[in-house]
Amino acid sequence: MIGKLNHVAIAVPDLNAAVALYRDTLGADVGAPQDEPDHGVTVVFVTLPNTKIEFLYPLGENSPITGFLEKNPAGGIHHICYEVDDIIVARDKLKADGARVLGTGEPKIGAHGKPVLFLHPKDFTGTLVELEQV
Ligand code: CO
């Protein structure tokens, strides 16, 4: 059901330092910061030949990243995102199999302008999983 790894999201406590590290030290193709007020994050995409890295930095008072960074002050992998062809079909199969879909269970438009859902980390080997319809 799942397809390509779309991105790995890394929460970072210092966005400029993360950008410099990936751009200058690792020599990666690093994009410009984009504020995503609906998601409470500023994101930077790092484009690799086979996937993307997404830096997440808190934006606003109620950012979902703030608590994660309190627990992981140096930053860390926040979620991984797999592509699916049909997010509703995927959701219904996962729910039927007993997996917990976060939030209302209805897809939201994610940082790439496509429908996304998040799955409970306790149901997926301790990893927050994002599904994105491509
Ligand atoms: Co993501």
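These numbers come from a predicted model, not from an experiment. When a ligand or atom number is given, it counts from 1 through the structure's own listing order.
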>> The criterion is side chain to side chain donor-acceptor pair (under 3.5 Å); which residues satisfy it with T42, sequence neighbours excluded?
In response: D35
> Do the two ring centres, one from F55 and one from F45, sit under 6.0 Å apart?
Replying inline: no
> Excluding sequence neighbours, so at least two apart, what forms salt bridge (charged side-chain N to carboxylate O under 4.0 Å, His left out) with R23?
Replying inline: none
> Protein N, O or S atoms less than 2.8 Å from the Co ion (ligand 1), ignoring waters?
Replying inline: H7 NE2, H79 NE2, E130 OE1
>> Is it the case that over 12 heavy atoms from other parts of the model lie below 6.0 angstrom from the CG atom of D86?
In response: yes
> With sequence neighbours left out, what residues match D97 under salt bridge (charged side-chain N to carboxylate O under 4.0 Å, His left out)?
Replying inline: K93
> Say you draw a straight line from CG of N6 to OH of Y82; how long is it, rounded to the nearest 0.5 Å?
Replying inline: 11.5 Å
